[in-house]
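For clarity, every value in this text was computed on a predicted model and none was experimentally measured. Note that the numbering runs from 1 along the sequence shown for the chain.
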Amino acid sequence: MLRMHFKNSVAFKWKISYGVILFIPILISALIYVQTGSIVEYEIKRANKALLNQVKFIVDSGLLQTEQLGNQMSINTDIRKYLDVDQQKDPFQIYKTKQEIHKYLLYNDFIKDIFVYSKSMNMVLTPDTFVEESHFYQMYYESAIFTFKDWQKFARSTYIKEYRVLPTRDNGLLNETAALVQSLPIDNSNQPLGTLVITLNNNKIEKILKNMDWIQYGQVLILDKNDQIVFHTKDAGLPLSIHYSEMELKKDEPFFENVQGHKVMISHASSSVVDWKYVSMIPAEVFWERAEHIRNLNLLGLFICFIIGGVMILVFARKNYNPIQELVRFVTGKAFAPVEKEQDEFELIRQHFIKTIQERDDSNHKQVQHIKLLRNYFLHRLMKGHIEKEQSLEEASKAYHILWSSDYFLVMLFHLESDKGVSNEFQLLQFIISNVVTELIGAKHTLHFTDMDGTLAAVLNIQPAGFDDWKDDLEAELKEAREFIEKRYNFQFATTISGLQRGMGGIHQAFMQALEALEYLMLLGDEKVVWYGDLKHTNKDYYYTVNQELILINLLKSCEFIQARELVTGVIQSSFNQGNTSIEMLKCIMIDLVSTMMKLIQDQHHGSVWEELRPFRRLLKCNTKFEIEYQMLEIFNYVCQHIESKNKSISNLVKNEHVTEFVQENYHDPNLSVSLLGEHFSMTPQYLSRLFKEQRGQGLHEFICQTRIEHAKQLLLKGESIEDTARSTGFTSSSTFIKVFKKYEGITPGKYQFNGQ
């Protein structure tokens, strides 16, 4: 026997619980045995209802998908174009629409077929064919009960989402198929252009029903509001003797009905999609035949449950209590658990472990999070220079759990060469760098990382033991870290390191030095480690002198662009190749160089190009010398193109004089125009007109008109008629001549002739 050491032991509770669990099925079995009749009847109704709900769910889901498909096809632009298109004009649109219909049919196995009837063409389009309505009727619907006139009436009628039953020929057999019918387009139902018909897949529904319980003994029907059978299971032996309206009065409640001398359980449910009734009819004998078998099983079950259940209660109660007893001994540290009021073993163990685990987890989690946040905040303020000056290293170490081993500090900034912003990937790369560098450097020196406005920063505290050769060790360890990360994680980084500072207050100065070194690193972009101490600021030379500026201006004005480019490139290379040139001086040289070129454009070209070129904005956005050199050469090429274009315009001055002579000689030609002149001088009309206007200040078309008017005035004063004058000066009609003459002279040709005489 089990030795109990608790007043309210779990072993006793288990026996009671197991006994209750055993008693429940025994009691239920006894009640079922006594009331088998009522239970069987209930099970009949429940089974019928469950079967019917399953049918309803499947068919309603398919109908809902079918209606959704119909809605999508009703608004499909390709189908709408197909209804508007002419077969002989756009066969591609018909093919495209057929592909769209095939795509809809492909992803819905509840649908057997889809076709669209076009009234304008009297054609039917299916996923497989495009035929006349008569041929389509012969292939699928020809029968004695559904004539071609019936088909035409069906196809040309107006529908608003209706379900119809169609007699269909399938493999030589005549079957009835339910179909969703919709007039197209839906936004003009009064004058439809065609009809969309989606037929349901009877085989799909029949296959699903054959897998249901008891379907082989009964029948399932789908009845519409007109008492027409939309669908029924094949080989059904029981005819329906009630109507849709009668079932509507019974409010979906199952009932018994005598059908041809058989007592049948009839269950029905209303579709939530259409006006259909789902009806199941299963003979009651199917269930009553099993009633006697159920009674016998109940008696046998009562006996087996009583014998086996009692044995299992004792076995499992003993087996399950042993590990509980061991846990009690472990928790209390005694051989037997002490008795404490009505407490049981589970409660003792649960309280002990929950309390211990919660205290430990809460304490560890809060401590880690608080220390991490406070440390990052402290380091951020320390590098920004916001720390209180009177605070000592010992106080900071105690407050933020940072142990400094000496009074010497420096700051390192890590620059990723493939910077992707503050994304998850970028943060992951920073995490990799911090872990690898800490693993290598942290063994010798104290190192703490933090994020400084998106840049990974580290405060390094030099250990006294390695103070003599710390710089060489640091470079070697950073090199090892770069090689490992590049090989293992396939990305690179560069590091800028400040000068060595003493005291916690010098960390801010170290951070500023590292920032300045980072700016040099991003601008020059060559080295992997930049020490602030290696930067020199003693150079005072300005690599772009006044003499060079004059030479550049003269070279550009004389169109010696190759020499000018060599001069610009030389200034850029001289500025960047001197590592001791300050960043401020580099920016001044670049801006001064751009200013020279921009002033030259203003002298040579009318109008401002600032809005188009924006040179200073381009330079200010550059971060590396390669970007600056690229932008400078882009600006230089732009300037050269403008100067060359202007010089070409000046060189064409002689051509403009030839244009003037040509107009004076051919003004009487009615075909004389800007287009004719462009063709004659081998130039585009637009370019010739713009060139002419730049040189003479007058449009070419305007010059042609004025030349004709001047010659016309001479003819009018000689007494020529208006018609002859218009014809002699190249005008196509006298009305055009009068209109143009009045535009330039302010009076009509007749009045001018009268005044002259």
Side-chain angles (χ1 to χ4, degrees), residues 556-559 561 600-613 637-757:
L556 290 174
K557 285 185 176 180
S558 60
C559 295
F561 299 127
L600 185 62
I601 292 180
Q602 295 289 61
D603 291 338
Q604 295 290 329
H605 192 71
H606 296 289
S608 175
V609 295
W610 287 97
E611 290 298 324
E612 179 180 356
L613 191 57
N637 293 334
Y638 183 89
V639 172
C640 292
Q641 290 175 3
H642 276 71
I643 295 174
E644 186 177 9
S645 175
K646 191 61 182 180
N647 290 336
K648 285 184 178 179
S649 299
I650 296 174
S651 66
N652 287 326
L653 179 60
V654 177
K655 266 189 182 178
N656 290 332
E657 294 176 355
H658 291 174
V659 171
T660 303
E661 293 176 0
F662 186 88
V663 173
Q664 292 290 350
E665 294 174 359
N666 298 275
Y667 70 91
H668 52 78
D669 186 1
N671 297 322
L672 180 63
S673 63
V674 178
S675 300
L676 180 64
L677 289 170
E679 182 178 359
H680 179 77
F681 290 99
S682 300
M683 287 185 287
T684 62
Q686 295 81 0
Y687 179 75
L688 179 62
S689 180
R690 180 174 62 82
L691 189 63
F692 188 90
K693 187 172 183 180
E694 289 179 354
Q695 301 301 323
R696 297 182 61 91
Q698 182 183 28
L700 183 55
H701 177 74
E702 183 180 3
F703 175 75
I704 295 173
C705 292
Q706 285 189 347
T707 301
R708 286 172 170 170
I709 294 299
E710 291 298 324
H711 287 279
K713 289 164 61 177
Q714 297 176 10
L715 294 176
L716 289 173
L717 293 177
K718 290 180 181 180
E720 294 287 337
S721 64
I722 294 176
E723 289 77 10
D724 293 338
T725 301
R727 191 182 312 107
S728 299
T729 54
F731 290 95
T732 56
S733 64
S734 58
S735 59
T736 304
F737 167 66
I738 294 171
K739 183 178 179 180
V740 175
F741 190 95
K742 187 175 181 181
K743 174 182 177 182
Y744 287 94
E745 299 297 328
I747 59 176
T748 62
K751 191 172 182 180
Y752 176 84
Q753 191 179 41
F754 177 79
N755 293 338
Q757 293 176 351

- Message: Run H701 and C705 through side chain to side chain contact (heavy atoms under 4.5 Å, CB included) and show every step you take.
- Response: CA-CA 6 Å; H701 177 74; C705 292; 3.7 Å; yes
- Test side chain to side chain contact (heavy atoms under 4.5 Å, CB included) on F731 and I709 and set out the steps. CA-CA 10 Å; F731 290 95; I709 294 299; 4.0 Å; yes
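Summarising the geometry, atom CD belonging to Q664 is positioned 9.0 Å from atom CD belonging to E710; distances are rounded to the nearest 0.5 Å. With values rounded to the nearest 0.5 angstrom, I722 atom CD1 is found 12.5 Å from R727 atom CZ. Interatomic distance, NZ of K713 versus OH of Y752, reported as 4.5 Å (0.5 Å rounding).
Contact record, N671 with L676: O-CD2, 3.4 Å, taken as the closest heavy-atom pair. Of all heavy-atom pairs spanning F737 and L716, the tightest one is CZ-CD1, 4.3 Å. When all heavy atoms of S734 and A726 are compared, the closest pair comes out as CA-CB, 4.1 Å. The two residues R708 and D669 have their closest heavy-atom pair at NH2-O, 2.8 Å. The shortest heavy-atom contact between V674 and I704 is N-CD1, 4.3 Å. For the residue pair H668 and S728, the shortest heavy atom distance occurs at CB-O, 3.0 Å.
Side-chain contact annotation: S675 with S673, donor-acceptor N/O pair under 3.5 Å absent.
With Q753 contributing its side chain and E720 its backbone, the two residues share a donor-acceptor pair below 3.5 Å.
Residues T707 and T729 fail the side-chain proximity criterion, which asks for heavy atoms closer than 4.5 Å. The shortest side-chain heavy-atom distance between N755 and I747 falls under the 4.5 Å cut-off. Between F741 and T748, every side-chain heavy-atom pair lies at or beyond the 4.5 Å cut-off.
Within 6.0 Å of atom NE2 in H711, more than 12 heavy atoms from other residues, nucleotides or ligands are found, so the atom counts as buried in its surroundings.
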